Student: 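Have a look at the structure that comes next, please.
We're numbering straight along the sequence, starting at 1. The shown structure was predicted, so the numbers you read here are calculated from the model rather than taken from an experiment.
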Amino acid sequence: MASIIAPKMAFRALRAAPRAAPWASLNAKLPQAQPAFRRFFAAPAQEQPRLRLGSTAPNFKALTTKGEIDFHQFIGDSWTILFSHPADFTPVCTTELGAFAKLKGEFEKRGVKMIGLSANDLGSHGEWIKDINEVSSTDLQFPIIADADRKVAFLYDMVDQQDLDNIDQKGIAFTIRSVFIIDPSKKIRLTMMYPASTGRNTAEVLRGIDSLQTADKKGVATPIDWQVGDDVIVPPSVTTPDAKKKFGEVREVKPYLRYTKH
């Protein structure tokens with residue numbers, strides 16, 4: 001009888017024992033020198049914001065080349081572009097930041113603030129800016145976030161899966177080239193993501209801003225390759241009679257595809 005009871009008691013004890021989290025064994029295998037990477041890798045999925053279009057841009061505090069900022073306070077009531085870079089003193093990033101710096105006046109005309117991010121500290125940023133200004137014959141004025149621990153990079157999911165698998169010598173992933181266009185209500189309106197090998201197109205970032213601002217102001221949509229001054233599209237939700245009252249001339253290609261002057 002005792003031989004039957006003992007296994008039952010052992011089984012009950014086993015069932016009552018606390019179970020380890022499913023990722024516990026994985027954490028045990030990770031090197032202790034990688035706290036930042038491990039923290040984000042092991043965090044439950046719900047802790048990672050879902051950065052959908054129309055969602056509120058996550059707020060954060062960070063050190064920048066222009067001082068410490070609260071990101072939402074930095075945005076204020078302006079349109080804002082947040083764009084990230086893998087590292088200081090890298091060739092593609094140097095050309096990109098120089099190009100954005102040269103377009104300072106164009107962004108200001110549209111009421112847009114720019115803020116960059118690179119996965120290095122402030123001391124490195126300061127020296128790098130000297131190179132950027134020299135290479136591009138410009139005077140970079142917008143702030144660059146110091147994100148050496150990749151906190152903002154992970155918050156905005158600016159990390160390539162390949163870099164998660166092949167982390168750097170510090171045990172954390174490099175940051176990819178991301179662009180977030182954020183409106184004055186702090187909503188994410190447009191995103192672009194590029195691999196480290198591909199430099200961005202500043203003209204397309206400006207075109208995206210122009211399209212969003214035109215759509216918001218006029219209640220229209222913009223077609224493929226649209227530029228300021230081109231015809232715009234009447235949304236399907238607006239009837240043709242109402243469109244003619246609102247916009248004047250309406251050119252109908254199909255009942256669902258109608259153009260009007262910008």
Student: Please confirm whether the backbone N or O of Thr198 pairs with a side-chain atom of Arg200, one donor and one acceptor, at under 3.5 Å?
Tutor: no

Student: Give every residue pair that meets the salt bridge (charged side-chain N to carboxylate O under 4.0 Å, His left out) criterion with at least one member in residues 66-82, sequence neighbours excluded.
Tutor: none

Student: Is there a side-chain contact between Asp230 and Asp225, using heavy atoms and a 4.5 Å cut-off?
Tutor: no

Student: Just verifying a value: how many Å separate Asp147 CG and His125 NE2, rounded to the nearest 0.5 Å?
Tutor: 8.0 Å

Student: With Tyr194, which residues qualify under ring pair (Phe, Tyr, Trp, His ring centres under 6.0 Å), at least two apart?
Tutor: none

Student: Could you check whether any side-chain heavy atom of Lys246 comes within less than 4.5 Å of a side-chain heavy atom of Val238, counting everything from C-beta outward?
Tutor: no

Student: Could you give the distance from CG (Asp216) to OG (Ser211), rounded to the nearest 0.5 Å?
Tutor: 9.0 Å

Student: Grouping I, L, V, M, F, W and Y whenever their side-chain heavy atoms are under 4.5 Å apart, do Val112 and Ile75 come out in a common cluster?
Tutor: no

Student: When rounded to the nearest 0.5 angstrom, what distance separates CD1 in Ile182 from OG in Ser78?
Tutor: 12.0 Å

Student: Give the minimum heavy-atom separation between Arg177 and Pro86, together with the two atoms involved.
Tutor: NH1-CD, 3.5 Å

Student: I'd like to know if the side chain of Asp242 and the backbone of Thr239 have a donor-acceptor N/O pair within less than 3.5 Å.
Tutor: no

Student: Does the side chain of Pro58 come within less than 4.5 Å of Leu51's, by heavy atoms?
Tutor: yes

Student: Please output the side-chain donor-acceptor pairs of residues 132-140 that fall under 3.5 Å, not counting sequence neighbours, one pair per line with the distance.
Tutor:
residue : atom : partner : partner atom : Å
Asn133  : OD1  : Leu140  : N            : 2.8
Asn133  : ND2  : Ile129  : O            : 3.4
Asp139  : OD1  : Gln141  : NE2          : 3.0
Asp139  : OD2  : Gln141  : NE2          : 2.7

Student: Can you list everything that forms a side chain to side chain contact (heavy atoms under 4.5 Å, CB included) with Thr191? Sequence neighbours excluded, please.
Tutor: Leu53, Phe180, Ile188

Student: Rounded at 0.5 Å granularity, tell me how far CD in Glu252 sits from OG1 in Thr260.
Tutor: 12.5 Å

Student: Can you name the side chain to side chain contact (heavy atoms under 4.5 Å, CB included) partners of Asp121, sequence neighbours left out?
Tutor: Ser124

Student: Please test Asn120 against Glu127 for side-chain contact (heavy atoms from CB on, under 4.5 Å), starting from the C-alpha separation and ending with a verdict.
Tutor: CA-CA 11 Å; Asn120 295 91; Glu127 292 302 311; over 6 Å; no

Student: Starting at CD1 of Ile81, measure out to CD1 of Ile209 and round the result to the nearest 0.5 Å.
Tutor: 4.5 Å

Student: Restricting to salt bridge (Lys or Arg N to Asp or Glu O under 4.0 Å), what partner residues turn up for Lys254, sequence neighbours left out?
Tutor: none

Student: Are Met114 and Trp79 connected in the hydrophobic side-chain network, where two residues link if heavy atoms are under 4.5 Å apart?
Tutor: yes

Student: Indicate yes or no for a side-chain donor-acceptor contact from Lys186 to the backbone of Gly76 under 3.5 Å, with no hydrogens or angles considered.
Tutor: yes

Student: Taking all heavy atoms of Ala87 and all of Ser118, pick out the closest pair and write down the distance.
Tutor: C-OG, 3.3 Å

Student: How about NZ on Lys113, more than 12 heavy atoms from neighbouring residues, nucleotides or ligands closer than 6.0 Å, or not?
Tutor: yes

Student: Once you round to the nearest 0.5 Å, how far does CZ of Phe71 lie from OG1 of Thr64?
Tutor: 11.5 Å

Student: Indicate yes or no for a side-chain donor-acceptor contact from His72 to the backbone of Ala57 under 3.5 Å, with no hydrogens or angles considered.
Tutor: yes

Student: Using modelled atom types and a 3.5 Å cut-off, is there a donor and acceptor pairing between side-chain atoms of Thr202 and backbone atoms of Phe100?
Tutor: no

Student: Identify, with sequence neighbours excluded, every residue that meets side chain to side chain contact (heavy atoms under 4.5 Å, CB included) alongside Lys261.
Tutor: Asp231

Student: Which heavy-atom pair separates Pro235 from Gly219 by the least distance, and what is that distance?
Tutor: CG-O, 3.3 Å

Student: Check the orientation of Phe60 and Tyr156. Use parallel for under 30°, tilted for 30 to 60°, and perpendicular for over 60°.
Tutor: perpendicular

Student: Under a 3.5 Å cutoff, is there a donor and acceptor pairing between the side chains of Lys187 and Thr56?
Tutor: yes

Student: If you group Ile, Leu, Val, Met, Phe, Trp and Tyr by side-chain heavy-atom gaps below 4.5 Å, do Leu212 and Phe107 land in one group?
Tutor: yes

Student: State yes or no: do Val152 and Phe83 share one hydrophobic cluster built from I, L, V, M, F, W and Y residues joined by side-chain heavy-atom distances below 4.5 Å, directly or via other members?
Tutor: no

Student: According to side chain to side chain contact (heavy atoms under 4.5 Å, CB included), who are the partners of Lys109, at least two apart in sequence or on a separate chain?
Tutor: Glu106

Student: If hydrophobic residues (ILVMFWY) are linked whenever their side-chain heavy atoms come closer than 4.5 Å, directly or via other members, who joins Leu63 in its cluster?
Tutor: Leu122

Student: Do the side chains of Ile115 and Ile69 get nearer than 4.5 Å, heavy atoms only?
Tutor: yes

Student: Under a single-linkage definition using a 4.5 Å side-chain heavy-atom cutoff for Ile, Leu, Val, Met, Phe, Trp and Tyr, are Val228 and Tyr259 assigned to the same hydrophobic cluster?
Tutor: no

Student: Counting C-beta onward and ignoring hydrogens, is there a side-chain heavy-atom pair between Arg251 and Val253 closer than 4.5 Å?
Tutor: yes

Student: Quick one: ring pair (Phe, Tyr, Trp, His ring centres under 6.0 Å) pairs with a partner in residues 199-220, sequence neighbours left out?
Tutor: none

Student: What closest approach, in Å, do Gly208 and Ile181 show between heavy atoms, and which atom pair accounts for it?
Tutor: C-CD1, 4.5 Å

Student: Nearest heavy-atom pair of Cys93 and Thr90: which atoms, and what distance?
Tutor: SG-OG1, 3.1 Å

Student: With Trp226, which residues qualify under ring pair (Phe, Tyr, Trp, His ring centres under 6.0 Å), at least two apart?
Tutor: His262

Student: With sequence neighbours excluded, what pairs up with Lys244 under the side chain to side chain donor-acceptor pair (under 3.5 Å) test?
Tutor: none

